[in-house]
Amino acid sequence: GSAEQLLQYCKDCNINAIELMGEAAEAFAGAPKYAPNGDWQTKMTEWRGSVPMDKFKELRKMYNDAGVKIYAWKPNALNKKNTDAEIDYAFNAGKVLGCTHVTVELPEDNEQTQRLGNKAAEHKMFVGYHAHTQATPTLWDTALSQSKYNAINLDIGHYVAGTSSSPIDFIKKYADRIMSLHIKDRKFNNGPNAPWGEGDTPIKEVLALMKANKYKFPATIELEYKIPDGSDAVKEVIKCREYAKNALS
């Protein structure tokens, strides 16, 4: 949805912080409309290299005035094919939005994590690398060793599905390098997404650990299980939020 729709969903769900996907923010800021051809990508590259930050400031104010913090954003501008100017743009826009970090899928190419780590150091802003079921307890080690601004955006559901183990020890070990968590429930052995409390992911234990150790990184509801008939995404996120609230009460 649009940036305005996403904000309304946050308000409907009583959510006060978000990792914003790049498409919504860029559309709000006037990016060229998507077209399935090479010209569109060229136009995006040119736009990112020259766009003023005014609309990103406006977007931040709109969210903050509604009580929602944009703590991270995930623009499709941090990949190997993107120019240095696009990467600079991603960090600059992130700062204007009020983010502590940008997020991106963890590249398989160590040269790219070095490149992003160097850029992050220039901007003094973190990169949170996201992984799916390829996650292992050592998957992020190379990236973390390359720059103090390379960090982890951990999805505990994917971690459980990929490793068939709890993420608790991983979180304890890497707490000072984790920028944010995605919370979902999945089954072991690359199992499916499940409604919270029906999978193998220790959501309650993770939230209790965060509370007990006063970790500062946010935990985000990521709704990926099948929405039941008669419900919708907003209703299900409300259920997830209540699950988390009850776990912490």
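In this structure K61 satisfies the salt bridge (charged side-chain N to carboxylate O under 4.0 Å, His left out) test together with D65, sequence neighbours excluded. Under the rule for a side-chain contact (heavy atoms from CB on, under 4.5 Å), K216 has no partner lying at least two apart in sequence or in another chain. Applying the side-chain contact (heavy atoms from CB on, under 4.5 Å) criterion to A29, with sequence neighbours excluded, gives W47, K55, F56. E198 pairs by the salt bridge (charged side-chain N to carboxylate O under 4.0 Å, His left out) definition with nothing, not counting sequence neighbours.
Taking every heavy atom of both residues into account, P137 and Y174 meet most closely at O-OH, 3.3 Å. Here the closest non-hydrogen pair linking K95 and H123 is NZ-O, 2.6 Å. Closest of all the heavy-atom pairs between A120 and V127 is CB-CG2, 3.8 Å.
Sorted by first and then second residue, the pairs that involve residues 161-186 and meet salt bridge (charged side-chain N to carboxylate O under 4.0 Å, His left out), not counting sequence neighbours, are D155-K184, K184-E222, K184-E224.
By the 4.0 Å N-to-carboxylate-O rule, E236 lies close enough to K239 to be salt-bridged with it.
Ring-plane geometry between F170 and W140 is classed as tilted, the angle between the planes lying from 30 to 60 degrees on a 0 to 90 degree scale. Ring pair Y215/F217 is parallel by interplanar angle, where below 30° counts as parallel and above 60° as perpendicular.
Clustering of Ile, Leu, Val, Met, Phe, Trp and Tyr side chains at separations under 4.5 Å places V160 together with F188.
Using a 3.5 Å distance cut-off with no hydrogens or angles, the side chains of E19 and T220 do not pair a donor with an acceptor.
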